[in-house]
Amino acid sequence: EGPFLMGVEELPLDETLAAVKAVETASTAANTAASIARMFMATKLVEAKRFTPELSKEAQTKLKAFQSDLETHTKRLNELKKATAERKKAVTVREAEHEVKKAEELGKAVAEAAKALMDDEKLTQLSSEEIRAASEATIKAEQAASNHLTETRKYITARQIEAKGREASSELSSELIKYEARLRVVSTEIGKYKKVSASVDSRLKAKKSVEDCNSKVKAVEQKFEKLTELADAIDHPKEDTEAKDEAK
């Protein structure tokens, strides 16, 4: 509890998590030791009653003094456990916020990667290689976001299970439900971009078909222009000869 006793409650997240865990471990050990000591002194009090009156009185007086000291320490331990529970609730919210915010940022990265794939008009202006690159970038971003989303959901579920039966659990559960709602929004957005990315192959085929058709149409147009020129030369041979004579 050292960092907290110095009045520093808002440590960096990693340090706070480590400090809270250390306090929990120490509290558990101290609670076990106190229970053992309590049972030990209760046993010794029974034994002390069998001593001679003078020794019995002296032994019971000392044992009761020890019991009083133990109860004082137990009270302090309970206060420490309560303070630790509050700190753990606060750090749980901080960690959940950190992980959910990261999920939201990864979701935005997916949206940015898929931007070129969302607009059909812009898509037609890209080459097949550019579309393929955008699709691969979107898939990579989507996988990173989905993996983090899965781990964050597991974390929140675990914290919800831990919160059951604890003091102020309803407040913590309410906060965790809000984080779950934010994760659902991210999941929906990622799913939308995932569908767009999955349709790239069919869209590429359609684009290639359009490009092939345009190429064939241009080829036909060029041939038609040549045929028109030839036909014009055949239909007006004299005009061409007179034009040459006048030029001379």
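Numbers for residues simply follow the sequence, beginning at 1. Since the model is a prediction, treat every value here as computed from it, not as a measurement.
Every residue meeting the side chain to side chain contact (heavy atoms under 4.5 Å, CB included) condition with I177, not counting sequence neighbours, appears here in chain and number order: Q160, E180.
By the 6.0 Å contact criterion, OH on Y155 is enclosed, its count of non-hydrogen atoms from other residues, nucleotides or ligands being greater than 12. The environment of E54 atom CD is sparse: at most 12 non-hydrogen atoms of other residues, nucleotides or ligands sit within 6.0 angstrom.
There is no path of hydrophobic side-chain contacts, each under 4.5 Å, that joins L106 to I156.
Using a 4.0 Å cut-off between charged nitrogen and carboxylate oxygen, E86 and K89 count as a salt-bridge pair. Comment: E105 does not engage K102 in a salt bridge, judged by the lack of any side-chain N to carboxylate O separation of less than 4.0 angstrom. Salt bridge present: E175 and K178 bring a charged side-chain N and a carboxylate O closer than 4.0 Å. Checked for salt-bridge contact, E112 and K115 meet the test: a charged N lies under 4.0 Å from a carboxylate O.
Smallest separation of non-hydrogen atoms from L63 and A48: CD1-CB, 4.2 Å.
No hydrogens or angles considered: nothing links the side chains of E47 and T43 as a donor-acceptor pair under 3.5 Å. For the residue pair R159 / S173, no side-chain donor-acceptor distance below 3.5 Å is found, with atom types taken as modelled. A donor-acceptor contact closer than 3.5 angstrom is absent between the side chains of E24 and T28. Using modelled atom types and a 3.5 Å distance limit, the side chains of Y179 and E97 yield a donor-acceptor pair.
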